[in-house]
Novice: 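Structure incoming, see below.
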Amino acid sequence: MLDRLGTNPTQLIGVLSFALTTIACQLATRRSSGARTWKVLALLNALFLVEIIVGFRFRVLGWARTLLQEEGRYSQLHGEDQAVVIIALVAAAVILVLLVLLLPRISGPAARVGISLTVLLLALFAVETVSLHEVDAIFYRRIGPVLLVGWLWAIAAAGICMAAVSSRR
């Protein structure tokens, strides 16, 4: 049935996760003192939803792969180069999460949880876009009918939804 819709279980999990997260964040703007924060989170999660549908990260990867192959550098993206990319992405994610958690003017702990999980999702999409073969082997491992990356999206989305629901004026 999913084949007729042009999707797969992992993509369906992503679409449902980010659609629900977008709605939850949008609803939180109406009943939370941090309306601006929840609007930004709604927008970011809506962009994640569009990304799941369109798959822009795979197009970027294809363009980069073609460019690197033309320059004869694609085969060099292993070992140390991958380690540098991974370390840079992890460092950026950790710094962003720490900044979010340490900024007291962000309205409440629920918003900080929502922001932190959204930043982690952004890092997950970034790592997936870079397509490090060893990391892809982990992210694309099947757990039931869904790839691990889909379950990670769902878990983070559930956390954001719970944070949005718990944010009250």
Novice: Any link between Trp151 and Leu147 through a network of hydrophobic side chains (Ile, Leu, Val, Met, Phe, Trp, Tyr) touching at under 4.5 Å?
Specialist: yes

Novice: In the single-linkage hydrophobic clustering (I, L, V, M, F, W, Y; side-chain heavy atoms under 4.5 Å), do Leu27 and Leu44 co-cluster?
Specialist: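 No, separate clusters.
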
Novice: Ala24 and Ala164: which non-hydrogen atoms are nearest, and at how many Å?
Specialist: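 Shortest heavy-atom separation between Ala24 and Ala164 comes out as O-CB, 3.5 Å.
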
Novice: Looking at every non-hydrogen atom in both residues, tell me the closest pair between Ala111 and Thr37 and how far apart they are.
Specialist: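 Shortest heavy-atom contact: CB-CG2, 3.9 Å.
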
Novice: Could you walk me through whether Ile52 and Phe18 pass side-chain contact (heavy atoms from CB on, under 4.5 Å), step by step?
Specialist: CA-CA 9 Å; Ile52 295 296; Phe18 294 119; 3.8 Å; yes

Novice: Centre-to-centre under 6.0 Å for Trp153 and Phe125, is that the case here?
Specialist: yes

Novice: Could you check if a side-chain atom of Ile160 sits within less than 4.5 angstrom of a side-chain atom of Leu121, using non-hydrogen atoms only?
Specialist: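 Contact flag for Ile160/Leu121 side chains = yes.
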
Novice: Which heavy-atom pair separates Ala42 from Thr22 by the least distance, and what is that distance?
Specialist: O-CG2, 3.6 Å

Novice: Through direct or indirect side-chain contacts below 4.5 angstrom among Ile, Leu, Val, Met, Phe, Trp and Tyr, which residues connect to Ile155?
Specialist: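 Besides Ile155, the cluster holds no residue at all.
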
Novice: Do Leu41 and Met162 share a hydrophobic cluster, counting only Ile, Leu, Val, Met, Phe, Trp and Tyr and linking them when any side-chain heavy atoms are less than 4.5 Å apart?
Specialist: no

Novice: Kindly compute the distance separating OG1 (Thr29) from CZ (Arg36), expressed to the nearest 0.5 Å.
Specialist: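 Here the interatomic distance stands at 12.5 Å.
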
Novice: Are Ile138 and Leu124 linked, directly or through other ILVMFWY residues, by side chains that come within less than 4.5 angstrom of each other?
Specialist: yes

Novice: Check each of Ile53, Asn45, Leu47 against Leu49 using the side chain to side chain contact (heavy atoms under 4.5 Å, CB included) test, and report the only one that passes.
Specialist: Ile53

Novice: Out of curiosity, does Val146 fall in the hydrophobic cluster containing Leu152 (side-chain heavy atoms, cut-off under 4.5 Å, transitive links)?
Specialist: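 In one cluster: yes.
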
Novice: Let me confirm one number: the CZ-CG distance from Arg112 to Leu117, rounded to the nearest 0.5 Å.
Specialist: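 Interatomic distance, Arg112 CZ to Leu117 CG, rounded to 0.5 Å: 13.5 Å.
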
Novice: Mind listing the closest non-hydrogen atom pair of Val113 and Gly159 along with its distance?
Specialist: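 Closest approach of Val113 to Gly159: CG1-O, 4.4 Å.
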
Novice: Distance check, rounded to the nearest 0.5 Å: Thr118 atom OG1 versus Phe48 atom CZ?
Specialist: 6.0 Å

